[in-house]
Novice: 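Dumping the structure here so I can ask a few things about it.
Just follow the structure's listing: the first ligand is 1, and inside any ligand the first atom is 1. Quick caveat: nothing in here was measured; it's all calculated off a predicted structure.
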Amino acid sequence: MTQAFDVVVVGAGMVGAALATGLGHEGLRVAMVDRAPVPGFDPEAAPDIRVSALSVGSERYLRTLGAWQHILEMRATPYQRLAVWDETRHPLGNLMPRTLTEVEFDATALGTSHLGHIVENSVTQQALWKTAEADPMVTVIAGHEVSTLEQTGQAVIVTLDSGKDLEAKLVIGADGAQSRIRDMAGIGVTRNQYGQQAMVISVRYQGPVENITWQGFHPTGPRAFLPLHSAGSDYPGESWGSLVWYDAPEELSRLKALTNEQLMAEIQKAFPSDLPLLTHIDVLASFPIARQHAKHYFANRVVLAGDSAHTINPLAGQGVNLGFQDAQYLQTILKEAKRAGDDLADPKWLDKYEQQRRPANRRMMLTMDLFYHLFSNRIPPVHLLRNLGLGAARALPFARNRVARYAMGIDEEMPAIVRQLTARLPGFNQL
Ligand SMILES: Cc1cc2nc3c(=O)[nH]c(=O)nc-3n(C[C@H](O)[C@H](O)[C@H](O)COP(=O)(O)OP(=O)(O)OC[C@H]3O[C@@H](n4cnc5c(N)ncnc54)[C@H](O)[C@@H]3O)c2cc1C
């Protein structure tokens, strides 16, 4: 049996579920398909290992979709401060003590109540599934994969592993970094695997919920702390947190083989002294990290959004924030196409989407690359240069705050200086 829709969204992670909800709100008939079952939430359970720093811009978008309230009803941790510093031990480092080169952003100085929220990915996803399910224009199909995708002149037909056919004008591939929809549409990627991987560790620590997230840069990779919610009455006086330890895959394999007690000792040795006293390691997992960019954002009746279109180094926590920006813009474009009475897959509209989003995503990818190479480096002049950079950022609060307001999504307009600088980065036009 064939069911007809305007749009089929394949992959209902954070980005796909946001798009399905937004397009439903615009009056389009949407099928939202995910191979995973409907996500659940247990307020008593330990946090999901996957957490994301959601920017103020993402919060704004999730509010318009009606999902932010659901997130707050489950759990989300606002942070008011964000600090970064260089942890490399080097004789030249003594020229600039940490107090001079640490850059701290404070919500008050940026004229906002908070800089962002740390939210478990499953919480964001579940909130968006709720809003999608509540919209009569959206049909949620959980627990099924796409087997084939056939494009004709007038439509695209998606066949699910259940044998069911879904016909639509447009398929959105939001099925993540390993996107099958991207492959089925014949869209290739450029990919650059970093030498580091990211190990995420869910921990409990002694003390109230911290209002700061921080990252110390070591030559082997950054080490970061993200605060989560209170651990509740079962563990009075304790809170949950998430640690991210970037390092070579071999070093992370060694760490993963340790007992919790041994790992705790390694963390205490390796992490900056700012880390609160840990009481428990709950779970850990490591993730390969790669910069990956689809060669095209659309082909015929298929368009990509989120990680299926691009992945970046997570060191500044921008991946899903970029994905939400894709979703928001694609939604606007498809609304205009509908209003104009055009085919939703008209290349005129899809090209507009790519022209807007590709340079923005590319800019962020290259900025992360710059950070990665600058900080994973022990060469004395580079060390001095980055410390001078951090020192300058500290000394120039106006410029720093303008960039920070943009990076955190408080301002929507990118400062001209950042646009000009990133456009000069090598490889800008090749990505
Ligand atoms: C260590 C780490 C830390 C990060 N921290 C941050 C952060 O702080 N802030 C931030 O903004 N980003 C962060 N990111 C990036 C962020 O996690 C991703 O950008 C985000 O998850 C991408 O969302 P997505 O919806 O595009 O894809 P995904 O989350 O990958 O979702 C894809 C969905 O598609 C479904 N699917 C896949 N294949 C199929 C198929 N064949 N058929 C049907 N369904 C399918 C999956 O079940 C899934 O639900 C981090 C990433 C890592 C690795």
Novice: In terms of atom number and element, which parts of ligand 1 are under 4.0 angstrom from non-hydrogen atoms of V200?
Specialist: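 Answer, ordered by atom number: 1 (C).
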Novice: For atom 44 (N) of ligand 1, what is the closest protein heavy atom, and at what distance to 0.1 Å?
Specialist: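 For atom 44 (N) of ligand 1, the nearest protein heavy atom comes out as R35 N, 3.1 Å.
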Novice: For atom 10 (C) of ligand 1, state which one of V320, T124, V244 supplies the nearest heavy atom.
Specialist: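 Looking at heavy atoms only, the winner is V320.
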Novice: Tell me the protein heavy atom at minimum distance from atom 9 (N) of ligand 1, and give that distance in Å.
Specialist: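 That would be G317 O, 3.1 Å.
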Novice: Determine the minimum heavy-atom distance between H293 and A309, stating which atoms define it.
Specialist: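 What the structure gives for the nearest pair is CD2-O, 3.4 Å.
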Novice: Which pair of heavy atoms, one from W240 and one from S230, lies closest together, and at what distance?
Specialist: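 Closest approach of W240 to S230: CD1-O, 4.0 Å.
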Novice: At what distance, to the nearest 0.5 angstrom, does CD of E104 lie from CG of L82?
Specialist: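 Spacing of CD (E104) from CG (L82) equals 8.5 Å.
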Novice: Below 4.0 Å, non-hydrogen atoms only: which portion of L226 touches ligand 1? Side chain, backbone, both or neither.
Specialist: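 Answer for L226: neither.
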Novice: Distance to 0.1 Å, residue and atom name: give those for the protein heavy atom nearest to atom 27 (O) of ligand 1.
Specialist: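 Looking at atom 27 (O) of ligand 1, the protein heavy atom closest to it is G176 CA, 3.8 Å.
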Novice: Using the rule given for ring pair (Phe, Tyr, Trp, His ring centres under 6.0 Å), can you reason through F225 versus F271, listing the C-alpha separation, both sets of side-chain angles and the distance that settles it, and then say yes or no?
Specialist: CA-CA 9 Å; F225 167 79; F271 268 66; 8.9 Å; no
Novice: Report the part of Q125 in contact with ligand 1, treating N, CA, C, O as backbone and CB onward as side chain, heavy atoms under 4.0 Å; options are side chain, backbone, both, neither.
Specialist: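 Q125 to ligand 1: side-chain contact only, backbone stays beyond 4.0 Å.
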Novice: Could you check atom 6 (C) of ligand 1 against the protein and tell me its nearest heavy-atom contact, residue, atom and distance included?
Specialist: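 Heavy-atom neighbour on the protein nearest atom 6 (C) of ligand 1: S52 OG, 3.7 Å.
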Novice: Would you kindly say whether H114 and E59 are connected by a side-chain donor-acceptor distance under 3.5 Å?
Specialist: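 Judged by distance alone, the side chains do pair up.
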Novice: If the cut-off is 4.0 Å to any non-hydrogen atom of G306, which atoms of ligand 1 fall inside it?
Specialist: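 Contacts of ligand 1 toward G306, numbered from 1: 26 (O).
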Novice: Would you compute the distance between atom CG of L128 and atom CD1 of I71 and round it to the nearest 0.5 angstrom?
Specialist: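 Going from the CG atom of L128 to the CD1 atom of I71 covers 6.0 Å.
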Novice: Is there a donor in the side chain of S308 and an acceptor in the side chain of D175, or the other way round, less than 3.5 Å apart?
Specialist: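 No, because no side-chain N or O of S308 sits under 3.5 Å from a partner of the opposite role on D175.
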Novice: Please list the nearest protein heavy atom to atom 34 (O) of ligand 1 with its residue and the distance rounded to 0.1 Å.
Specialist: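 In this structure, atom 34 (O) of ligand 1 has G11 CA, 3.3 Å as its nearest protein heavy atom.
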Novice: For atom 17 (O) of ligand 1, what's the nearest protein heavy atom and its distance?
Specialist: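 For this ligand atom, the closest protein heavy atom is R50 NH2, 2.8 Å.
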Novice: Cation over ring, R204 on Y235, under 6.0 Å and within 45°?
Specialist: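 Pair R204/Y235 counts as cation-pi.
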Novice: Show me which atoms of ligand 1 lie under 4.0 Å from any heavy atom of V51.
Specialist: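 Within the 4.0 Å cut-off of V51, ligand 1 contributes 5 (N).
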Novice: Does H70 NE2 have over 12 foreign heavy atoms under 6.0 Å away?
Specialist: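 Correct, the count exceeds 12.
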Novice: Determine whether a donor-acceptor pair (N or O, by modelled atom type, separation under 3.5 Å) exists between the side chain of R301 and the backbone of K169.
Specialist: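 A pair under 3.5 Å: yes.
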Novice: Taking distance alone, with no angle check, do A177 and ligand 1 share an N/O pair under 3.5 Å?
Specialist: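 A177 vs ligand 1: no N/O contact under 3.5 Å.
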Novice: Counting each atom of ligand 1 from 1 as listed, which ones have a heavy atom of A174 under 4.0 Å away?
Specialist: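 Checking each atom against A174, I get 32 (C), 33 (C), 34 (O).
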Novice: Using modelled atom types only, decide if a donor and an acceptor are shared between the side chain of N192 and the backbone of R291 within a distance under 3.5 Å.
Specialist: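 Not at all, since once roles are kept as given, no pair shorter than 3.5 Å links the two residues.
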Novice: Starting from atom 35 (C) of ligand 1, what is the nearest protein heavy atom, named by residue and atom, and what distance separates them?
Specialist: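 The protein heavy atom lying closest is D34 OD2, 3.2 Å.
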Novice: Is the closest heavy-atom distance from I118 to ligand 1 below 4.0 Å?
Specialist: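 Distance cut 4.0 Å: I118 fails for ligand 1.
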Novice: Quick one: which ligand 1 atoms are inside 4.0 Å of a heavy atom on G13?
Specialist: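 Near G13, the atoms of ligand 1 are 25 (O), 31 (O), 33 (C), 49 (O).
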Novice: To the nearest 0.5 Å, tell me how far L28 CG sits from L334 CG.
Specialist: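 It comes to 7.0 Å.
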Novice: Can you tell which of D183, I312, D307 gets a heavy atom nearest to atom 22 (C) of ligand 1?
Specialist: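 Answer by nearest heavy atom: D307.
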Novice: Which part of S55 is near ligand 1, with near meaning a heavy atom under 4.0 Å away: side chain, backbone, both or neither?
Specialist: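 S55 to ligand 1: no contact under 4.0 Å from either part.
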Novice: Look only at the side chain of R180 and the backbone of V146, and say whether a donor-acceptor pair between them is shorter than 3.5 Å.
Specialist: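 Present.
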Novice: Return a yes/no value for V10: is any of its N or O atoms, backbone included, closer than 3.5 angstrom to an N or O of ligand 1?
Specialist: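 No, there is no polar N/O contact under 3.5 Å.
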Novice: Under a 4.0 angstrom heavy-atom cut-off, which atoms of ligand 1 come close to E145?
Specialist: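 This gives 40 (C), 41 (N), 42 (N) as the contact atoms.
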Novice: Within the 4.0 Å heavy-atom shell around N321, which atoms of ligand 1 are there?
Specialist: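 In order of numbering, the contacting atoms are 11 (O).
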Novice: List the atom of L65, the atom of T21, and the distance in Å for their closest heavy-atom pair.
Specialist: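 Distance-wise, the nearest heavy atoms are O-CG2, 3.9 Å.
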Novice: Identify, for atom 37 (C) of ligand 1, the protein heavy atom at the shortest distance, and state residue, atom and that distance.
Specialist: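 Nearest protein contact, heavy atoms only, for atom 37 (C) of ligand 1 is D175 O, 3.4 Å.
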Novice: Please classify the P314 to ligand 1 contact at 4.0 Å (heavy-atom distances, strictly less than): side chain, backbone, both or neither.
Specialist: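 Just the side chain.
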